[in-house]
Amino acid sequence: MSVTIRPATAETDWRKVHFLLQSAFSYMTGRIDPPSSLDSMQPEDLEALAAEGLALIGTDEDGDVVACAFLGPHPEGMAVSKLAVAPGLRRQGLARKMIKGAGEAARRLGLKALIVQTRIELTENHAAFAAMGFEKVGETSHPGYHRATSITMRKPLITGPAPTHRGGTV
């Protein structure tokens, strides 16, 4: 399957993005505390979130939205949030493609890192982000909670020209 990663545009159907996020995040219901902010979001909220930064959309050959990620400012680089892949298409490298696209966008802005937050309970997400080069750098708590509810992970970005190799083979 071929998936095209591109920035969201004025023509983006935010209902499709909302549906993707709801289906991709449904496994979290009853598992994370507090519940996901997505539970109270509507398609127009996602459009507003994209307008605050950038949203990347992955579409298949039929134009269906099968992946997304929202990018925004963070003091240490670029925050990546609401990264989602259609449940039937997981484990095919789409999340990695979305993170690659996020890294390219961050580099164009001269930023040196990608930052993600993932819920403390979602250990499989911790492992997936670690496999993509993220390292845990902290823990945070949602308002009203006296325990960690999320972990923060950081992926440094290589900036500048690609290294050159002199002599020998690579």
Side-chain angles (χ1 to χ4, degrees), residues 3 5 8 12-60 64-103 105-106 111 113-157:
V3 174
I5 308 297
T12 297
D13 186 340
W14 293 102
R15 292 170 300 170
K16 289 182 179 181
V17 177
H18 187 255
F19 178 79
L20 166 69
L21 283 163
Q22 285 184 320
S23 61
F25 285 21
S26 66
Y27 77 99
M28 296 180 200
T29 302
R31 192 168 163 207
I32 61 171
D33 182 34
S36 173
S37 62
L38 182 64
D39 292 350
S40 63
M41 296 181 89
Q42 298 300 315
E44 55 271 13
D45 299 317
L46 296 172
E47 184 175 12
L49 181 62
E52 294 173 9
L54 173 69
L56 297 178
I57 306 296
T59 54
D60 66 12
D64 291 327
V65 178
V66 297
C68 69
F70 288 75
L71 313 178
H74 186 278
E76 293 184 36
M78 180 174 284
V80 180
S81 66
K82 299 200 178 350
L83 172 64
V85 173
L89 299 176
R90 291 185 179 146
R91 305 193 63 80
Q92 295 183 31
L94 290 178
R96 192 173 292 277
K97 281 181 82 169
M98 298 304 288
I99 291 297
K100 180 180 178 191
L111 302 174
L114 294 177
I115 308 296
V116 296
Q117 284 197 304
T118 182
R119 293 302 186 92
I120 205 91
E121 300 93 342
L122 303 178
T123 56
E124 67 278 15
N125 287 2
H126 308 175
F129 283 120
M132 289 186 270
F134 286 85
E135 294 180 354
K136 180 180 174 181
V137 294
E139 295 182 347
T140 58
S141 299
H142 284 78
Y145 285 77
H146 300 289
R147 62 168 176 84
T149 56
S150 296
I151 68 166
T152 303
M153 300 181 82
R154 181 179 189 276
K155 175 183 175 129
L157 299 173

**Request:** Among residues two or more places apart or on two chains, list those pairs meeting salt bridge (charged side-chain N to carboxylate O under 4.0 Å, His left out) that have a residue in residues 25-38.
**Result:** Arg31-Glu124, Asp33-Arg147
**Request:** Sequence neighbours left out, what pairs pass ring-ring contact (aromatic ring centres under 6.0 Å, His included) with at least one residue falling in residues 18-40?
**Result:** none
Would you give me the side-chain donor-acceptor pairs under 3.5 Å for residues 66-74, sequence neighbours excluded?
from, atom 1, to, atom 2, distance (Å)
His74, ND1, Glu76, N, 3.0

**Request:** Identify the heavy atoms of Ala50 and Ala55 that sit nearest to each other, and give their distance.
**Result:** CB-CB, 3.6 Å
**Message:** When you measure from the side chain of Arg154 to the backbone of Gly77, do you find a donor-acceptor pair of N or O atoms at a distance under 3.5 Å?
**Reply:** no
Indicate every side-chain donor-acceptor pair of residues 133-140 with a distance under 3.5 Å to a residue at least two apart or in another chain.
from, atom 1, to, atom 2, distance (Å)
Lys136, NZ, Glu139, OE2, 2.8
Thr140, OG1, Gln117, NE2, 3.0

**Item:** Check: His142 main-chain N/O paired with Thr149 side-chain donor or acceptor under 3.5 Å
**Value:** yes
Which atom pairs, one a donor and one an acceptor, fall under 3.5 Å between side chains of residues 36-43 and the rest of the protein, sequence neighbours left out?
from, atom 1, to, atom 2, distance (Å)
Ser36, OG, Leu38, N, 3.0
Ser37, OG, Lys82, NZ, 3.1
Ser40, OG, Ser37, O, 3.2

**Asked** Would you say the side chain of Phe129 lies within less than 4.5 Å of the side chain of Leu83, judging by non-hydrogen atoms?
**Response** yes
**Message:** If I take atom CD from residue Glu47 and atom CD from residue Glu52, how far apart are they, to the nearest 0.5 angstrom?
**Reply:** 12.0 Å
**For Ala105 against Leu54, the heavy-atom pair lying closest together** = CB-CD2, 4.0 Å
Give the table of side-chain donor-acceptor pairs shorter than 3.5 Å for residues 94-101, with sequence neighbours excluded, one pair per line with atom names and distance.
from, atom 1, to, atom 2, distance (Å)
Arg96, NH2, Ala131, O, 3.4
Lys97, NZ, Val3, O, 2.9

**Prompt:** How would you list, by chain and number, every residue that makes a salt bridge (charged side-chain N to carboxylate O under 4.0 Å, His left out) with Arg15, sequence neighbours excluded?
**Reply:** Asp13
**Item:** Test log, rule side chain to side chain contact (heavy atoms under 4.5 Å, CB included), inputs Leu114 and Val116
**Value:** CA-CA 7 Å; Leu114 294 177; Val116 296; 5.8 Å; no
**Message:** What verdict does the side chain to side chain contact (heavy atoms under 4.5 Å, CB included) test give for Thr118 and Met153, after you've listed the backbone C-alpha separation in whole Å, the side-chain angles of each residue and the deciding distance to 0.1 Å?
**Reply:** CA-CA 8 Å; Thr118 182; Met153 300 181 82; 4.2 Å; yes
**Item:** Distance, nearest 0.5 Å, that separates NZ of Lys16 from CG of Leu21
**Value:** 14.5 Å
